[in-house]
Amino acid sequence: MNLSPRSLFLAILVIAVSGCGDQCRNEPVTIVPSPSGASRAVVFHRNCGATTEINTQVAVLPRSAQQPNIPGNALILGGDVPLKVRWDSETALTVSGLGSARVFKQSLTAADVAITYEK
């Protein structure tokens, strides 16, 4: 398989930002329950040690699920970004405050929830 230099760079970057298992820690910043309380949006910092920068991530999880020590399923941004999350309905979430942050992952859906992003 031949990867372009850009594809190889992006693959290495995602691995670096995501980190590897036990050496990384997820530190919750904000937890916002959905209108019914069945789901929650978690904004957190993922810290993988001195060789990588802290990054800001968002995960959409069922109410009963523990937050796993893995990268967010919705959004991954480089650095400490002061995000705000708002549930527009049980299946629609708005994430704002991205500004000019470096975006490593930006999913339009996570856990059957449609996600809208605002700068």
Q: Identify the two heavy atoms, one from Pro68 and one from Asn26, that lie closest to each other, and give their separation to 0.1 Å.
A: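 Answer, listing the atom of Pro68 first, then Asn26: O-ND2, 2.9 Å.
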Q: Are Val103 and Val85 in one and the same hydrophobic cluster, where Ile, Leu, Val, Met, Phe, Trp and Tyr link if side-chain heavy atoms are under 4.5 Å apart?
A: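 Yes, one cluster joins them.
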Q: Shared ILVMFWY cluster between Ile31 and Val60, side chains joined below 4.5 angstrom?
A: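 No; Val60 is not reachable from Ile31 via cluster members.
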Q: Is a donor from one side chain sitting under 3.5 angstrom from an acceptor on the other, for Asn55 and Arg46?
A: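 Result is no, nothing qualifies.
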Q: If only atom types and distance count, is the side chain of Trp87 paired as donor or acceptor with the main-chain N or O of Ala92 below 3.5 Å?
A: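 Looks like no, no N/O pair under 3.5 Å.
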Q: What is the distance from atom CG of Asp80 to atom CG of Asn47, rounded to the nearest 0.5 Å?
A: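 So the gap between those two atoms works out to 11.0 Å.
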Q: What are the two closest heavy atoms between Ser39 and Glu90, and how far apart are they?
A: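 Scanning both residues, the minimum pair turns out to be N-OE2, 4.2 Å.
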Q: According to a 4.5 Å side-chain heavy-atom criterion applied to Ile, Leu, Val, Met, Phe, Trp and Tyr, with indirect links allowed, do Leu61 and Val95 form part of one hydrophobic cluster?
A: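 The answer is no; the residues belong to distinct hydrophobic clusters.
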Q: Would you mind reporting whether His45 and Val29 have side-chain heavy atoms less than 4.5 Å apart?
A: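 Yes, their side chains come closer than 4.5 Å.
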Q: How long is the gap from CZ on Phe44 to CG on Leu83, to the nearest 0.5 Å?
A: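 Going from the CZ atom of Phe44 to the CG atom of Leu83 covers 11.0 Å.
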Q: Could you measure the distance from the CG atom of Leu108 to the CD1 atom of Ile115? Nearest 0.5 Å is fine.
A: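 Reported value, rounded in 0.5 Å steps: 7.5 Å.
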Q: Might you point out which heavy atoms bring Gln106 and Leu98 nearest each other, and give the distance in Å?
A: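 Heavy atoms of Gln106 and Leu98 come nearest at NE2-CD2, 3.7 Å.
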Q: If you measure from OG on Ser107 to CG on Leu75, what distance do you get to the nearest 0.5 Å?
A: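 It is 8.0 Å, given to the nearest 0.5 Å.
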Q: Can you see which heavy atom on Ala101 is nearest to which on Gly78, and at what distance?
A: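 Residues Ala101 and Gly78, closest heavy atoms: CB-O, 4.3 Å.
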Q: Yes or no on side chain to side chain contact (heavy atoms under 4.5 Å, CB included) for Thr94 and Glu118, after CA distance, side-chain angles and deciding distance?
A: CA-CA 7 Å; Thr94 298; Glu118 298 174 348; 3.7 Å; yes
Q: Identify the two heavy atoms, one from Leu93 and one from Asp88, that lie closest to each other, and give their separation to 0.1 Å.
A: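 Nearest heavy atoms, Leu93 then Asp88: C-OD2, 4.0 Å.
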Q: Please examine the side chains of Pro33 and Arg63, heavy atoms only from C-beta on, and report whether any two atoms are closer than 4.5 Å.
A: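 When only atoms from C-beta onward are counted, Pro33 and Arg63 do not touch, as no gap falls below 4.5 Å.
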Q: If you take all heavy atoms of Cys24 and Asn69, which pair is closest and at what distance?
A: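 So the two residues come closest at O-ND2, 2.8 Å.
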Q: How many angstroms lie between atom OG of Ser96 and atom NZ of Lys119, to the nearest 0.5 angstrom?
A: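 Output value for this atom pair is 12.0 Å.
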Q: Could you grab the distance from atom OG1 of Thr56 to atom CG of Leu77, nearest 0.5 Å is fine?
A: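 One gets 6.0 Å once the value is rounded to the nearest 0.5 Å.
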Q: In terms of hydrophobic clustering (I, L, V, M, F, W, Y; side-chain heavy atoms under 4.5 Å; direct or indirect links), are Ile70 and Val42 co-clustered?
A: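 Unlinked, Ile70 and Val42 end up in two clusters.
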Q: Among all residues two or more places apart in sequence or in another chain, which pass the side chain to side chain contact (heavy atoms under 4.5 Å, CB included) test with Arg102?
A: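 Counting only residues at least two positions away or on another chain, Arg102 forms a side chain to side chain contact (heavy atoms under 4.5 Å, CB included) with Glu53, Phe104.
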